[in-house]
K.L.:
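Have a look at this one.
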Amino acid sequence: MRLLTTVLFCLGSAVLFAAGPQQLRPVSVGMRFEALSYVLDEEIPVQLWVRNNTASTLTLGKGSLPAGVLDVSRVGDPQKRSLSLDRGGCLPRPLQLKPGEERTFRVDLSKAADVSSEGKYFVTFGVVVRDTRYETEIKVLEIVPGSLISEGVQIFAGKGYQQRNFKLVRWPRDHVDRIFLRIEDTPSGVVFPTVMLGAYLPLSKPRMNIAPSGEITILHRATPEYYVRNVFWSLEEE
């Protein structure tokens, strides 16, 4: 009987110890992508947030210090070289947070870091408080060229050497095939932001018409019942 009583007492002590309160970090940070794969030169929106868990006002990014930093490096790079472009950080500074306050920000990763090449990238977001860094878990982001569907060329009058190349590519997102328009000038190498044109059903090939006036019309099938028509203006300097 004594042995049974002792065992029960020890088990109860273990449960109380495991359920004890855990000390909160002074700040909590978060990062969320809408998807984990993007087509080359596409906008890459990322949502970042910072929460002050202390009972006093917290100021991040004092002086020349950044308020928050996105660390980006290429998967497979043994030196893990930073590809971040904004050395001042990705958040406005100084950033003041009241006790318990949480702030959310939206950043375009394609402008905050050099992710202009096909491949996979490590991405983390973090802040520094009292010489200690607090950061999110590492995300792996993939940049892809997409699968080519069709392409066309725009030639500007009197400048036969200058061409604007249009490529329609497909890539899945949220388990649905999407169609994207990629645009690049040759021989200058100027690249324009990739545009997603919507869902894509490969029952019929999209039609792309490039008019001498610069009007670009693209018609593609989105569902068995619906087609989508996109119209762009492509001028020599725009």
Side-chain angles (χ1 to χ4, degrees), residues 22-54 58-97 102-148 167 169 171-174 178 180 182-184 188-196:
Q22 294 183 354
Q23 186 177 2
L24 273 177
R25 302 188 302 177
V27 294
S28 298
V29 292
M31 174 178 67
R32 187 179 72 85
F33 289 94
E34 294 179 1
L36 291 178
S37 64
Y38 288 86
V39 175
L40 279 168
D41 305 309
E42 188 183 3
E43 178 183 328
I44 306 175
V46 52
Q47 187 180 58
L48 309 172
W49 64 90
V50 185
R51 179 181 174 83
N52 179 7
N53 295 326
T54 70
L58 191 65
T59 302
L60 303 175
K62 295 179 180 179
S64 60
L65 295 175
V69 176
L70 273 169
D71 279 336
V72 184
S73 62
R74 195 175 182 88
V75 174
D77 181 1
Q79 299 180 13
K80 296 184 178 180
R81 287 166 289 194
S82 174
L83 300 176
S84 298
L85 299 176
D86 189 356
R87 301 305 177 188
C90 59
L91 301 183
R93 59 185 174 93
L95 177 61
Q96 194 173 76
L97 298 171
E102 180 176 298
R103 296 279 300 276
T104 302
F105 303 89
R106 182 183 171 93
V107 177
D108 182 359
L109 186 67
S110 67
K111 295 179 180 177
D114 181 10
V115 289
S116 57
S117 300
E118 177 185 351
K120 292 184 177 182
Y121 298 84
F122 290 128
V123 185
T124 59
F125 166 65
V127 300
V128 176
V129 179
R130 302 185 189 95
D131 299 325
T132 301
R133 181 180 175 89
Y134 301 92
E135 59 184 19
T136 64
E137 294 182 354
I138 297 175
K139 296 280 189 181
V140 177
L141 194 72
E142 185 178 17
I143 306 299
V144 300
S147 302
L148 183 64
K167 292 183 179 180
V169 302
W171 190 254
R173 182 163 296 163
D174 298 328
R178 312 280 178 170
F180 300 82
R182 294 177 52 194
I183 311 168
E184 181 179 1
S188 67
V190 174
V191 176
F192 296 86
T194 294
V195 183
M196 185 176 71

K.L.:
Is any side-chain heavy atom of Cys90 less than 4.5 Å from a side-chain heavy atom of Phe125?
P.N.:
yes
K.L.:
At what distance, to the nearest 0.5 angstrom, does OH of Tyr38 lie from OH of Tyr121?
P.N.:
14.5 Å
K.L.:
About how many Å separate CH2 of Trp171 and CE of Met196, when rounded to the nearest 0.5 Å?
P.N.:
14.5 Å
K.L.:
Could you go step by step and tell me if Phe33 and Leu109 meet the side-chain contact (heavy atoms from CB on, under 4.5 Å) rule?
P.N.:
CA-CA 10 Å; Phe33 289 94; Leu109 186 67; 4.0 Å; yes
K.L.:
Does Arg93 use its side chain to pair, donor to acceptor, with the backbone of Gly63 at less than 3.5 Å?
P.N.:
yes
K.L.:
Would you say that Pro145 contacts Lys167 through its side chain, given a criterion of any heavy-atom pair below 4.5 Å between the two side chains?
P.N.:
no
K.L.:
Do Lys111 and Leu85 touch side chain to side chain, with heavy atoms closer than 4.5 Å?
P.N.:
no
K.L.:
Between OG1 of Thr194 and CD1 of Ile183, what distance do you get to the nearest 0.5 Å?
P.N.:
7.5 Å
K.L.:
Does Ser37 use its side chain to pair, donor to acceptor, with the backbone of Glu142 at less than 3.5 Å?
P.N.:
no
K.L.:
Flag the pair Pro193 / Glu43 as yes when at least one side-chain heavy-atom distance between them is below 4.5 Å, and no otherwise.
P.N.:
no
K.L.:
Can you name the closest pair of heavy atoms from Met31 and Leu48 and give their distance?
P.N.:
CG-CD2, 3.8 Å
K.L.:
May I ask you to test the Tyr134-Pro26 pair for a side-chain heavy-atom distance under 4.5 Å?
P.N.:
yes
K.L.:
Which heavy atom of Gly89 sits nearest a heavy atom of Pro66, and at what distance?
P.N.:
CA-CB, 3.9 Å
K.L.:
Can you measure from OG1 (Thr104) to CD (Gln47) and round to the nearest 0.5 angstrom?
P.N.:
5.5 Å
K.L.:
Go through it in stages, so that I can follow the logic: the residues are Val129 and Leu58, the test is side-chain contact (heavy atoms from CB on, under 4.5 Å), and I'd like the CA-CA distance, side-chain angles, deciding distance and then a yes or no.
P.N.:
CA-CA 9 Å; Val129 179; Leu58 191 65; 4.1 Å; yes
K.L.:
For the residue pair Ser84 and Leu70, what are the closest heavy atoms and their distance?
P.N.:
OG-O, 2.5 Å
K.L.:
Using every non-hydrogen atom in the two residues, find where Pro92 and Leu95 come nearest and quote the distance to one decimal.
P.N.:
O-CB, 3.6 Å
K.L.:
Evaluate the criterion side-chain contact (heavy atoms from CB on, under 4.5 Å) for residue pair Phe105 and Arg103; output intermediate values, then yes/no.
P.N.:
CA-CA 7 Å; Phe105 303 89; Arg103 296 279 300 276; 3.7 Å; yes
K.L.:
Please assess Ile44 against Ile143 for the test side-chain contact (heavy atoms from CB on, under 4.5 Å), listing each intermediate value before the final yes or no.
P.N.:
CA-CA 10 Å; Ile44 306 175; Ile143 306 299; 3.7 Å; yes
K.L.:
Where do Glu118 and Val144 come nearest, in terms of heavy atoms and distance?
P.N.:
CG-CA, 4.4 Å
K.L.:
Counting N and O atoms only, with roles assigned by atom type, does the side chain of Asn53 sit under 3.5 Å from a partner on the main chain of Arg25, one being a donor and the other an acceptor?
P.N.:
yes
K.L.:
Any salt bridge linking Arg173 with Glu42? Criterion: basic side-chain nitrogen under 4.0 Å from a carboxylate oxygen.
P.N.:
yes
K.L.:
At their closest point, which heavy atom of Val115 faces which heavy atom of Ser110, and how far apart are they?
P.N.:
CG2-CA, 4.0 Å
K.L.:
About how many Å separate CG of Asn52 and CD of Gln96, when rounded to the nearest 0.5 Å?
P.N.:
10.0 Å
K.L.:
Applying side chain to side chain donor-acceptor pair (under 3.5 Å), can you list everything that pairs with Thr59, at least two apart in sequence or on another chain?
P.N.:
none
K.L.:
Are the side chains of Val140 and Phe122 in touch, meaning some heavy atoms are under 4.5 Å apart?
P.N.:
yes
K.L.:
Answer yes or no: is there a side-chain heavy-atom contact under 4.5 Å between Val50 and Leu91?
P.N.:
yes
